[in-house]
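Note that ligands are numbered from 1 as they come in the structure, with each ligand's atoms numbered from 1 the same way. Given the structure is predicted, the values throughout are model-derived calculations rather than measurements.
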Amino acid sequence: MAKVYNYLMEIIKVTNKLEGSKKAFELFKNTYDAGANTFGLATGSTPEDLYKEIVASDLDFSDRISVNLDEYVGLSAENKQSYAYFMQEHLFNQKPFKESYLPNGMATDLNEEASRYDELVLKNEVDLQILGLGQNGHIGFNEPGTPFDSKTHVVDLTESTIHANSRYFDDASLVPKKAISMGIGTIMSAKKILLMAFGENKADAVYKMINGSVDESMPASILQNHPNVIVIVDEAAAELI
Ligand code: GLP
């Protein structure tokens, strides 16, 4: 079990997702202006408005690098449900980076791909990692029970995550059952972490992440041990804290 350091997370409460995304952009821009080279990016509905803010800005990423948290196994970059496609649509088409990386969910040897990706992320040293939060407390695709020192690995998605993510698919049976995700240890190597959580369905996970014990049954609780974490929550997600 990991040691508890009890760093204090900085919690920023906002009224809604739009306000939270504007605040997130402000912090993102500060880090950019300070010379951050590598940005860790996330998918899902949570960072969508942050990406809109970035797209509307004059920030230029042609000399910066991005690494994404995760990708579904079996979906190619041309598949609209893949995270590679999501990133193209929401950010990269409008704001190309010098280099952008996601795990390759089509790799023949998935474990080898996971190791390769882990090395790549560590080599690039993420300056700022953007995170969303799963309803069950997952970060990236690290489901409850994932070891805190895990490296990038192949994940069996839980029923609850498959159900939550089925809203993007025509049918729940089409949601991939596996993904490749940065590990919790990999995520924790980022110099700074910015986690956003919006909506009442995140309230329970937000409460346990901040006030609960640091336990592998609640992956996001490990962030209590990171020295530089900012959490942006809207009123609904902050209901229990
Ligand atoms: C997905 C992603 C996570 C994301 C989470 C929440 O499963 N792998 O990176 O943070 O679920 O998604 P959303 O932002 O749509 O609520």
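Residues Val121 and Tyr101 fail the side-chain proximity criterion, which asks for heavy atoms closer than 4.5 Å.
The nearest heavy-atom contact from the protein to atom 6 (C) of ligand 1 is Leu133 O, 3.6 Å. In terms of protein heavy-atom proximity, atom 4 (C) of ligand 1 is nearest to Thr43 O, 4.1 Å. Looking from atom 8 (N) of ligand 1 to the surrounding protein, the closest heavy atom is Asp70 OD2, 2.9 Å. Nearest non-hydrogen protein atom to atom 14 (O) of ligand 1 is Thr46 OG1, 2.5 Å.
Considering every non-hydrogen atom in both Lys177 and Ser173, the closest pair reads NZ-O, 3.9 Å.
The closest approach between a heavy atom of Gly140 and any atom of ligand 1 is below 4.0 Å. Ligand 1 does not have Phe198 within reach: every non-hydrogen atom of the residue lies 4.0 Å or more from it.
Closest to atom 1 (C) of ligand 1 by heavy atom, among Met182, Lys202, Arg167, His138, is His138. Relative to atom 12 (O) of ligand 1, the option among Ala42, Pro47, Gly44 with the closest non-hydrogen atom is Gly44.
A salt bridge does not link Glu26 with Lys29: none of the charged nitrogens is closer than 4.0 Å to a carboxylate oxygen.
Listed for the Lys95 side chain is a donor-acceptor partner under 3.5 Å among the backbone atoms of Leu59. The main-chain N or O of Tyr168 is found under 3.5 Å from a side-chain atom of Gln81 such that the two form a donor-acceptor pair.
Numbered from 1 in the order shown, with element, the atoms of ligand 1 that lie under 4.0 Å from a heavy atom of Gly132 read 10 (O).
Proximity of Asn165 to ligand 1, defined as any heavy-atom pair under 4.0 Å, is confined to the side chain (atoms from C-beta onward).
Note: Tyr72 and Phe141 have tilted aromatic rings, judged against thresholds of 30 and 60 degrees for the angle between ring planes.
Going from atom CG of Asn225 over to atom CE of Met9 covers 8.5 Å, rounded to the nearest 0.5 Å.
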